[in-house]
Amino acid sequence: MTPQPARIPNYKRFLLTGGFIGLAVGIWFGLREPGGPSYHETAEYSMGTAVLFLAALGAFLGAGLAGLIAIFLDRSGRDT
């Protein structure tokens, strides 16, 4: 039986998928009803700004986590 060649993950797809999933999660968190009745009295940012910040943070964290997973899969598939 011949050994199978190592499969290398496609980093671009991992990063884009993680970024889009993180973006969706960030938007979801941003559109949730904020906690507490005094939120609207003390809010410094509008709802759109908060959604934008959380979406960008989610995309950044999602792409980072996906990149780490891709690196882990790449390292675990190699015989060294």
Side-chain angles (χ1 to χ4, degrees):
M1 183 171 168
T2 59
Q4 295 285 337
R7 294 187 65 189
I8 299 170
N10 187 339
Y11 287 100
K12 182 179 177 181
R13 288 185 182 172
F14 266 85
L15 292 174
L16 287 175
T17 303
F20 283 129
I21 291 172
L23 181 77
V25 170
I27 290 173
W28 180 75
F29 271 114
L31 292 177
R32 289 179 49 211
E33 184 65 31
S38 65
Y39 174 77
H40 295 290
E41 297 168 7
T42 61
E44 296 180 22
Y45 301 107
S46 69
M47 182 70 117
T49 303
V51 169
L52 180 65
F53 283 148
L54 289 172
L57 179 65
F60 178 74
L61 292 177
L65 182 61
L68 289 174
I69 292 171
I71 290 171
F72 175 73
L73 290 175
D74 185 28
R75 299 289 182 209
S76 67
R78 294 183 183 186
D79 293 332
T80 54

Using 0.5 Å steps for rounding, measure from the CG atom of L65 to the CG atom of L15. 11.0 Å
Hey, what do you get for CG (N10) to CZ (F14), rounding to the nearest 0.5 Å? 8.5 Å
Please answer: with hydrophobic residues joined when any side-chain heavy atoms are less than 4.5 Å apart, are F29 and F60 in the same cluster? no
Linked, directly or transitively: L31 and F20 (ILVMFWY side chains, under 4.5 Å): yes
Non-hydrogen atoms of [X] and [Y] that approach each other most closely:
| X | Y | answer |
| --- | --- | --- |
| A70 | P9 | O-CG, 3.4 Å |
| A66 | G18 | CB-CA, 3.8 Å |
| L54 | G30 | CD1-CA, 3.5 Å |
| A55 | I27 | CB-CG1, 3.6 Å |

